[in-house]
Amino acid sequence: MKYQLLIGAVLGAALTGAIAAGSANAVEYKIVEDTVPQSLTGKPGDPANGKKTAINRRKGNCLACHDMPIPEQADHGQVGPPLLGVGSRLSEAELRMRVIDSKVINPDTIMPAFYRSTGLHRVLKKWQGKTIVSAQEVEDIVAYLMTLKE
Amino acid sequence: MKRTIIRVTVAVGASVLLAACVAAAPKEKTALEKRLEDPRVKNYIVGEKMTGYVFATAATRTVQDDDFENPAFLWVDIGEENWSKVDGAAGKSCASCHGDAPDSMKGVGATYPKYSGETKKLMALQHRINWERENRMKAKPWKWESDEMLGMTAYVKLQSRGMPVNVKIDGPAKPFYEAGKKFYNQRRGMLDMACANCHVDYPATMIRSNLLSQGMPNGFPTYRLKWQKVGSLHRRFRGCNKQVRAAPYKQGTDEYTNLELFLMDRARDLPMETPSVRM
């Protein structure tokens, strides 16, 4: 998986109608030993918006599977490991890879690829060619995860 | 595909684990450990297989267990009424040929979907019921999710309650089973998940506010509080497809009937519990 150039979405996917969540035409990124060292947008992530996006059930919905230090939200899932301390355990580049496409690290994982719109089967029409979150939202989520230090 | 097969080795394992936890530290019991303390769940566990009854809350189990409280019996009653109601040009009812359902339909529901040499197709019980109506009664078919169809399906399956699931997957049924298995393990939708990702890899795990079960089919048609009515297994398939943002199929399609056969084989030896009650 070294030095692989991935294009996250079909270029030219029709962009008609309003997009409630997600976006098409994912930007290119470079994977270096299961990490993505470079920001997708070049714009620093906003941790406050990252937290919101992580909670949002139509976007990150990370709480479905992870316990997170967000006590104001009920019913945190237990499918994945708790994310408290993940900002100490993993680097920004590792976290970016995790959020963009966890399957690069673990092909068997249940965790969705939040920034990939290709190689999927029978996606509902209204989501076709789109990614679950936008490039900037990936950066925001990563910035938020970096604040989760132990 | 590597799978973390049921992380808590269930049934026997869980109680051993429970004892270990208590000894080690006053650790909080898991949701499944709490469920397993209820003696009622015993009949719904065979080896490592567990029906949705085990994962349901105690209150839900209580409603299911009482035929007068269980709202699904409103539909069972519709089925029972229609069993002996004459309909169609042949002037017959199911009872004209089959007599009393508790005798003639005993055990039948546990064997569906079933390959039919006559139609050369794998038939879910609903297909069979409509085939009987159209061919033997000269009556109009019922819509899959109609009260009449749900009622008759529930009534016929009720005659197998407590009997072990026992479908045929060899011989002419084999290709249908294989297709169902493929469907079950195929990732799909924007979230890119297979049925197995949730129901094989993570049963007994909280996914947000839901305790994941093994996704067993033996209680359908089921009364779901969320639906406020009885619904078919294929309706549940549609929900489980849509929640991963995958295009669902229609009820009664070959795809879902094959999938039903695969699930019924997963549930082999578990008791039929139609009509179940679920959240």
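Naming: A, B, ... by sequence-line order, numbering from 1 per chain. The basis for the numbers below is simple: all heavy atoms, side chains too, and nothing from hydrogens, waters or symmetry mates. The structure presented is a predicted model; accordingly, all values stated were derived computationally and were not measured.
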Please lay out, stage by stage, how B:Leu191 and A:Leu120 fare under the test side chain to side chain contact (heavy atoms under 4.5 Å, CB included). CA-CA 9 Å; B:Leu191 302 195; A:Leu120 303 172; over 6 Å; no
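- One finds the CG atom of B:Leu211 at 8.5 Å from the CD atom of A:Gln78 (value rounded to the nearest 0.5 Å).
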Derivation of the side chain to side chain contact (heavy atoms under 4.5 Å, CB included) call for A:Val123 and B:Arg188: CA-CA 7 Å; A:Val123 176; B:Arg188 64 189 66 238; over 6 Å; no
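- In plain terms, the two heavy atoms of B:Tyr202 and A:Ile110 that are nearest each other are CE1-CG2, 3.7 Å.
- B:Lys121 NZ: 12 or fewer foreign heavy atoms inside a 6.0 Å radius.
- Side-chain contact between A:Leu124 and B:Pro248 is present, with at least one heavy-atom pair separated by less than 4.5 Å.
- For B:Arg208 (side chain) and A:Asp75 (main-chain N/O), a donor-acceptor pair under 3.5 Å exists by modelled atom type.
- In the displayed structure, A:Gln38 atom CD is contacted under 6.0 Å by at most 12 heavy atoms of other residues, nucleotides or ligands.
- Contact annotation for A:Asp67: neither backbone nor side-chain heavy atoms come within less than 4.5 Å of a heavy atom of chain B.
- In this structure, the separation between CE on B:Met190 and OG on A:Ser117 is 7.5 Å, given to the nearest 0.5 Å.
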Which is it for A:His121 and B:Gln186 under the side chain to side chain contact (heavy atoms under 4.5 Å, CB included) test, yes or no, and what are the steps along the way? CA-CA 8 Å; A:His121 178 62; B:Gln186 160 108 57; 3.5 Å; yes
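- Expressed to the nearest 0.5 Å, how far CG of A:Leu63 lies from CD1 of B:Ile207 amounts to 12.0 Å.
- With A:Arg122 contributing its side chain and B:Ala247 its backbone, the two residues share a donor-acceptor pair below 3.5 Å.
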